[in-house]
Amino acid sequence: MASRTAPRLALPLACLMACAAWLAGCARDDGPIVWRFAIEETRGSVQDAYAQAFAEAIEARSGGRIDVKVYPYGTLGTSDQITELLHNGTLEFATASPGHLGKIIPELQVFLLHYTLHDDEATNSRALADPELRAFFDALYAEKDFRLLDFVSEGLMVWTTRGPVRRPADFAGLKMRVMTSPLLLAAYDAYGADPTPLPYAEVYSALQLNMIDAQVNPVFAIEEMSFYEVTDHLVLPGHAHFVTSVMTNQAFYDRLSEGDRRMLDGVIAELHDEAFAIQRRFNQERLERMLERKPELEVLTLDADERAAFRAMAAPVRDLFVEMAGPRAEQALTVLDAAVERAARSE
Ligand code: 6CS
């Protein structure tokens with residue numbers, strides 16, 4: 001596959017100006033300084049719990065001098081639109097998942113490769129904080145005027161489907177909704193599926209209207225977005241983990257006083273393990289909740305042989321990633337593999 005040029009950020013001008021004007025109107029001259037934090041998930045999600053913990057810590061440590069306002073998904077637009085608002089300085093903080101941000105920073109799509117992260121979630125969480133991995137991606141974010149603050153793991157990716165899926169052949173012609181980064185098309189093409197990129201907000205109605213047959217997300221998201229209502233099987237293939245990034249506008253970060261920068265960096269470092277604990281709890285609790293509400297939901301955990309069949313078909317996608325994601329893609333893969341290995345050794 002030929003390498004693709006990363007598309008420009010493209011929020012329609014009228015929408016961008018309306019959001020900027022509205023957000024500017026929310027700031028008060030005489031009140032505390034406002035830091036705006038937009039998340040790609042709704043209230044009650046892992047990202048919401050993270051942003052609320054961030055807000056609490058910053059407000060307490062700044063003695064009320066800084067007020068953090070959290071904007072959940074749905075208030076400011078799609079993931080791409082949130083990224084653009086951060087880019088132009090309308091927002092100070094945002095979450096941005098490789099599944100969408102991979103269109104802007106193609107090397108990030110390394111986190112979307114199947115059977116590449118470690119099976120053990122705690123190992124992955126340590127790998128995401130690996131200093132060499134962080135240094136590599138820090139530079140890529142900086143090239144786009146973003147400052148990467150952290151990578152956060154939100155749990156195992158799970159397929160929700162109408163029919164049972166146990167082997168790659170079950171994917172033949174199946175319309176699988178994926179996030180909008182191009183690597184995800186290659187990942188599901190490899191299984192023979194018909195991958196369909198859509199923004200998060202459109203997934204429920206696309207399932208309901210039979211425009212797609214399946215989607216993939218962590219358990220907590222499947223519960224909170226009610227995707228289980230419009231699908232019948234919950235398939236645990238152990239193929240991928242949902243990773244997001246927390247980022248700020250580089251110019252905003254550079255303007256902070258040294259003290260505020262230290263406070264911010266300290267809060268972010270402390271939240272890494274807390275985020276991991278939050279996602280663990282949310283994913284466990286929400287699975288129980290879904291099964292209470294819909295006991296007929298069938299949970300299929302693929303066994304070692306079934307997983308091996310998917311793993312074999314996913315392997316060539318690593319080469320496709322290297323072709324698609326530009327000259328530093330191979331390095332991204334080496335850096336991630338090494339970080340996972342170091343994390344596994346440091347158990
Ligand atoms: O599937 C998506 O598009 C979204 N899924 C999650 C769990 N978080 C944000 C992302 O945009």
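Just so you know, ligand 1 is whichever comes first in the structure, and atom 1 is the first atom listed for that ligand. Computed from a predicted structure; not experimentally measured.
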Let's go through Arg166 and Leu300 carefully: what are the C-alpha distance in whole Å and the side-chain angles of both, what is the deciding distance for side-chain contact (heavy atoms from CB on, under 4.5 Å) to 0.1 Å, and is it a yes or a no?
CA-CA 8 Å; Arg166 282 204 169 278; Leu300 302 175; 3.5 Å; yes

In terms of atom number and element, which parts of ligand 1 are under 4.0 angstrom from non-hydrogen atoms of Ala221?
7 (C)

Say whether Gly99 and ligand 1 are in contact under the criterion: heavy-atom distance to a ligand atom below 4.0 Å.
no

Within reach of ligand 1, part of Tyr73 (heavy-atom separation under 4.0 Å):
neither

Checking side-chain contact (heavy atoms from CB on, under 4.5 Å) for the pair Phe151/Leu108: CA distance, chi angles, key distance, verdict?
CA-CA 11 Å; Phe151 285 125; Leu108 264 182; 3.8 Å; yes

Going by the 4.0 angstrom heavy-atom rule, the piece of Glu41 near ligand 1 is side chain

Any side-chain donor paired with an acceptor under 3.5 Å for Glu92 and Thr248?
no

Structural part of Ser45 in contact with ligand 1, heavy atom criterion under 4.0 angstrom
neither

Under 6.0 Å between the ring centres of His233 and Tyr228?
no

Residue pair Glu121 / Gln279, side-chain donor-acceptor N/O under 3.5 Å:
yes

Considering only non-hydrogen protein atoms, determine which one is nearest to atom 10 (C) of ligand 1 and report residue, atom name and distance to 0.1 Å.
Phe242 CZ, 3.8 Å

Closest non-hydrogen protein atom to atom 2 (C) of ligand 1, residue and atom name please, with distance?
Tyr200 CD1, 3.2 Å

Grouping I, L, V, M, F, W and Y whenever their side-chain heavy atoms are under 4.5 Å apart, do Ile82 and Met179 come out in a common cluster?
yes

Out of the candidates Asp265, Leu271, Leu264, only one should pair with Val267 under the side-chain contact (heavy atoms from CB on, under 4.5 Å) rule; please name it.
Leu271

Should one rank Gln215, His100, Glu154, Glu224 by closest heavy-atom distance to atom 3 (O) of ligand 1, which comes out on top?
His100

So is Asn217 polar-close to ligand 1, meaning N/O to N/O under 3.5 Å?
yes

Distance to 0.1 Å, residue and atom name: give those for the protein heavy atom nearest to atom 9 (C) of ligand 1.
Glu40 O, 3.5 Å

heavy-atom search around atom 1 (O) of ligand 1 in the protein gives Arg177 NH1, 2.7 Å

How about Trp159 and Phe310: are their ring centres within less than 6.0 Å of each other?
yes

